[in-house]
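For reference, the structure is listed below as structure tokens.
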Amino acid sequence: MTRRLLAFGPREPRQWTCPPLLPLWAALPAAAVAGILMDMAYPDVGWWPAAFVATGVLLIAAIGRSVMGSLAVGLVFGLVFFSLLVSWTSRYLGPLPWAALTIVEGVLTAVWVIPLTFAYRWLPQLIRSDRARLILLPVVVASLWTGREVMLGAWPYGGFPWARLGMTQSEAPAASLASWVGVSGLSFAMVFAVAVFIEWVRTRAWRFPARYVAPLMTVGVLILTPAFPTTPAGTMRLGAVQGNGPSGYFDERAPGAIASAQSRASTALRGADLDLVVWPEGESPRV
């Protein structure tokens with residue numbers, strides 16, 4: 001009888017690390033640039049392509065980071081972005097509430113970058129197929145991004161939903177997609193598209209014609225989706241009034257001053273063929 005000897009060598013350890021695409025000294029300025037670009041996608045500038053660029057820059061800065069590096073990248077992005085986005089609040093609330101809102105949203109954003117980094121670190125090890133990675137990793141990344149928007153839209157103190165990514169696309173070809181999937185669905189589709197492009201480049205998928213399908217289909221959904229079909233139910237004639245009353249938080253005003261300003265401004269619409277006259281929020285405060 002012949003005895004067969006099987007030699008078992010040491011098992012190759014699984015690598016649970018993902019090398020960063022940028023060193024930390026470059027990732028932090030990149031996160032700041034991403035924050036500036038993201039703000040440019042919202043009013044006043046309203047340049048919608050900046051949202052895609054900012055998302056890509058932030059993801060590239062976050063890939064391969066440690067926990068502390070993730071916090072640093074997220075904090076830089078969050079503080080820069082929200083300080084610019086809500087800068088108008090300092091006009092009505094003063095610098096302290098503006099700074100508090102910026103810090104709260106910035107810190108929550110920084111914490112969210114940690115699971116985002118973990119997704120880029122672990123999923124490529126769990127999903128060995130480049131084809132599967134090209135789809136599944138962007139799905140996870142887009143889900144984490146959308147989940148953060150939903151959470152911040154509801155918590156803390158009732159939430160702050162103004163910074164949702166889908167809101168930047170009101171003048172973009174992708175705007176009609178929101179009629180099917182809502183603003184959160186549009187945010188998901190945008191992040192998914194950016195993450196697919198990043199993986200497409202990282203895995204060198206451009207070398208294989210079949211792997212053009214995922215990015216091309218994603219772009220096609222964003223650009224070519226028509227608006228949800230609706231049936232007209234009639235028309236209304238509206239009159240909008242902006243009385244320019246003393247409505248700032250620190251404005252000195254007599255009781256009823258804002259309502260009086262709105263009433264005076266509404267006299268210009270007297271006798272007009274209107275179904276509804278619209279006043280802005282806060283037109284009838286308690287004082």
Side-chain angles (χ1 to χ4, degrees), residues 14-22 27 30-31 34 38 51-75 77-78 81 108-155 163-166 168-169 174 177-178 180-206 208 210-222:
R14 175 169 288 186
Q15 300 298 321
W16 291 98
T17 60
C18 172
L21 300 184
L22 295 176
M38 189 66 78
F52 291 92
V53 179
T55 302
V57 173
L58 178 60
L59 294 181
I60 290 172
I63 292 174
R65 301 264 78 86
S66 64
V67 172
M68 295 307 297
S70 301
L71 284 172
V73 167
L75 190 61
F77 169 78
F81 171 50
L108 292 175
T109 299
V111 172
W112 157 78
V113 174
I114 297 175
L116 185 72
T117 304
F118 285 166
Y120 274 106
R121 181 185 303 176
W122 291 337
L123 280 178
Q125 304 300 324
L126 299 174
I127 306 171
R128 295 295 186 177
S129 170
D130 285 345
R131 293 183 180 180
R133 170 179 161 183
L134 190 61
I135 300 298
L136 294 181
L137 181 55
V139 166
V140 173
V141 171
S143 298
L144 289 171
W145 189 296
T146 308
R148 176 190 66 93
E149 290 189 350
V150 172
M151 184 199 74
L152 293 185
W155 182 87
R164 288 184 290 177
L165 195 62
T168 64
Q169 303 300 295
L177 183 60
W180 295 87
V181 297
V183 175
S184 294
L186 181 55
S187 295
F188 179 94
M190 293 172 63
V191 178
F192 177 80
V194 175
V196 164
F197 179 77
I198 291 175
E199 289 309 297
W200 187 68
V201 174
R202 290 181 69 201
T203 59
R204 301 182 180 181
W206 68 83
F208 306 97
R211 296 181 187 175
Y212 282 81
V213 174
L216 290 178
M217 287 184 62
T218 304
V219 173
V221 168
L222 286 172

Quick one: pull up [atom1] in [X] and [atom2] in [Y] and give me the separation to the nearest 0.5 Å.
X	Y	atom1	atom2	answer
Leu75	Leu108	CG	CG	11.0 Å
Ile60	Arg202	CD1	CZ	9.5 Å
Leu186	Phe192	CG	CZ	14.0 Å
Leu21	Tyr120	CG	OH	9.0 Å
Met38	Thr168	CE	OG1	7.5 Å
Glu199	Ile63	CD	CD1	6.0 Å

Taking C-beta and beyond as the side chain, do [X] and [Y] meet within less than 4.5 Å on heavy atoms?
X	Y	answer
Trp145	Leu58	yes
Leu144	Arg148	no
Gln169	Phe52	yes
Ser184	Val150	yes

TODO: Run the numbers on Leu116 and Leu59 for side chain to side chain contact (heavy atoms under 4.5 Å, CB included), then give the verdict.
DONE: CA-CA 8 Å; Leu116 185 72; Leu59 294 181; 3.6 Å; yes
On a heavy-atom basis, which atom in [X] and which in [Y] lie closest, and how many Å separate them?
X	Y	result
Val113	Ala62	CG1-CB, 4.0 Å
Glu149	Ala163	OE2-O, 4.1 Å
Ala27	Val73	CB-CG2, 4.1 Å
Gly166	Ser187	N-OG, 2.8 Å
Leu22	Ala61	CD1-CA, 4.3 Å

Task: Exam field: side chain Thr109 to backbone Gly74, donor-acceptor pair closer than 3.5 Å - done: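 It does not hold such a pair.
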Open item on the list: So if I apply the side chain to side chain contact (heavy atoms under 4.5 Å, CB included) rule between Leu165 and each of Val194, Val183, Thr55, which one comes out positive?
Closed with: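 Looking at Val194, Val183, Thr55, the match for Leu165 under the side chain to side chain contact (heavy atoms under 4.5 Å, CB included) is Thr55.
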